[in-house]
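In what follows, a single structure is set out as structure tokens and then discussed.
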There are 2 protein chains.
Amino acid sequence: MRIGELAARAGTSTDTIRFYEKVGLVAGRRLPNGYRDFPPETVEWLHYVRTAQLLGFSLAEIARTGEQLRDAPDTAAALSALFREKIAVIDARMAELAALRDDLTARADTGCPLRPASPEGNTGPRRATVSSSPGRP
Amino acid sequence: MRIGELAARAGTSTDTIRFYEKVGLVAGRRLPNGYRDFPPETVEWLHYVRTAQLLGFSLAEIARTGEQLRDAPDTAAALSALFREKIAVIDARMAELAALRDDLTARADTGCPLRPASPEGNTGPRRATVSSSPGRP
DNA sequence: CTAAACCCTGGAGTACGCTCCAAGGTCAAG
DNA sequence: CTTGACCTTGGAGCGTACTCCAGGGTTTAG
């Protein structure tokens with residue numbers, strides 16, 4: 001399929017797809033007239049890209065995944081391993097989220113700080129309240 | 001506390017903190033000599049900023065949260081509400097992650113697409129395979 | 001007094017992820 | 001053969017979030 005249709009199906013712009021091609025996120029052959037021609041599964045791939053991006057993965061990271069997918073031997077085992085690896089990354093992200101959630105929950109329950117404090121009572125001593133300024137070399 | 005100590009405690013750089021001040025993410029008074037002086041809870045706040053950022057919130061969004069916090073009446077209720085709101089966002093993110101995870105799991109189990117496919121069988125018809133190109137005005 | 005560590009400002013530069021544009025080629029329909 | 005939708009390239013520009021630097025002031029220790 002050509003770039004316009006791919007863009008429409010993936011809910012993005014032709015400009016974005018050309019940009020993605022430039023950074024190695026999608027690849028297609030060329031028709032005799034020079035037009036790009038993408039395989040249909042690129043639509044799925046672009047949906048995946050969008051999602052992964054929203055979840056905080058950079059285009060570079062996603063492109064790396066794509067390469068791994070391309071390079072992986074056709075065995076189901078290799079693919080499964082790759083996916084499991086990605087799942088592990090996702091689990092790590094989820095753990096981070098869970099940690100923040102716990103933190104916020106705790107604050108919501110107690111009185112929590114985080115606020116600039118209404119009355120200003122603390123100007124602080126002029127020098128080193130904390131002794132942890134190592135002085136960088 | 002001055003900017004250097006704040007940076008060290010928050011695990012960031014003085015440059016970043018000055019930048020954050022410029023965009024309204026942190027605020028501090030000035031000492032007579034012109035040095036910035038931040039209240040101690042700014043450390044906590046910066047930790048929150050870092051985490052929220054990792055979760056995909058922009059600095060502008062986070063700054064808005066900060067304003068809401070400042071404007072909120074002193075009631076712990078307002079804070080709790082704000083945090084609960086954030087928690088809801090986090091839960092949504094986690095659900096998305098879980099969905100992506102399931103998707104990957106399914107692909108790992110089955111044969112999945114997403115890959116460019118070895119043999120190229122589909123060049124596609126020359127014009128509009130899909131009728132969803134509205135043609136923009 | 002000097003050196004070192006800290007602070008200030010303003011502005012330039014960087015990386016990422018697009019987005020827009022100009023100038024021009026291709027193709028099917030009228 | 002013309003029109004118009006579609007495609008090509010290359011390059012400029014933009015918003016976000018820093019990052020670095022030059023040039024200079026302040027404070028304390030030796």
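Only a predicted model underlies this, so the values are computations on that prediction, with no experimental measurement involved. Keep in mind that the numbers below use all heavy atoms, side chains included, and drop hydrogens, waters and symmetry copies. All chains are named by letter (A, B, ...) in the order of the sequence lines, taking the proteins before the strands, and each is independently numbered beginning at 1.
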Practice item. Apply the test side-chain contact (heavy atoms from CB on, under 4.5 Å) to residues Phe57(A) and Thr65(A): give CA-CA distance (whole Å), side-chain angles for both, the deciding distance (0.1 Å), then the verdict. Key: CA-CA 11 Å; Phe57(A) 298 97; Thr65(A) 302; over 6 Å; no

Check your understanding: Which is it for Ile90(A) and Met94(A) under the side-chain contact (heavy atoms from CB on, under 4.5 Å) test, yes or no, and what are the steps along the way?
Key -> CA-CA 6 Å; Ile90(A) 291 170; Met94(A) 290 182 74; 4.1 Å; yes

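Projected onto DNA chain C by closest heavy-atom contact, Thr12(A) and Tyr35(A) fall at different nucleotides, the more 5' of which corresponds to Thr12(A).
Atom-to-atom, CG of Leu25(A) to P of dC16(C) comes out at 13 Å; the value is rounded to the nearest Å. The CG-P distance, from Leu31(A) to dC27(C), rounds to 9 Å in whole Å. Summarising the geometry, the separation between NZ on Lys22(B) and C1' on dT16(D) is reported as 13 Å, rounded to the nearest angstrom. Rounded to whole angstrom, the span from the CZ atom of Arg50(A) across to the P atom of dC18(C) amounts to 6 Å. Between Ile3(A) atom CD1 and dT19(C) atom C1' there is a gap of 14 Å when expressed in whole angstrom units. Spacing between atom CZ of Phe57(B) and atom P of dT16(D) amounts to 17 Å, rounded to whole angstrom units. The distance between atom CG of Asp15(A) and atom C1' of dG11(D), rounded to the nearest whole Å, is 12 Å. Distance, Ile17(B) CD1 to dT19(D) C1': 14 Å, rounded to whole Å.
Ser58(A) comes within contact range of the sugar-phosphate backbone alone, with a heavy-atom separation under 4.0 Å but no base atom that close. Across all strands, Arg18(B) comes closer than 4.0 Å to base atoms (heavy-atom distances).
Look at Tyr20(B) and you'll find a side-chain N or O under 4.0 angstrom from OP1 or OP2 of dC18(D). The side chain of Ser13(A) contributes no N or O atom lying less than 4.0 Å from OP1 or OP2 of dC18(C). Contact check, Arg2(B) against dC6(C): no side-chain N or O comes under 4.0 Å of OP1 or OP2. Between Arg36(A) and dT26(C), a side-chain N or O to OP1/OP2 separation shorter than 4.0 Å is absent. Phosphate contact (OP1/OP2 of dC27(C), side-chain N/O of Asn33(A), threshold under 4.0 Å): present.
In terms of modelled atom types and a separation under 3.5 Å, the side chain of Trp45(A) and the main chain of Pro40(A) share no donor-acceptor contact. Looking at Asp37(B), its side chain never comes within 3.5 Å of a backbone N or O of Arg2(B) through a donor-acceptor pair.
Clustering ILVMFWY residues whenever any of their side-chain heavy atoms sit less than 4.5 angstrom apart, transitively, puts Leu54(A) in a cluster other than the one holding Phe19(A).
Taking every side-chain heavy atom of Leu59(A) into account, dC18(C) is the closest of dT8(D), dA17(D), dC18(C). Which of dT19(D), dT8(D), dG17(C) sits closest to the side chain of Phe19(B) comes down to dT19(D). Checked against dC7(D), dG17(C), dA17(D), the side chain of Gln53(B) finds its nearest nucleotide in dA17(D).
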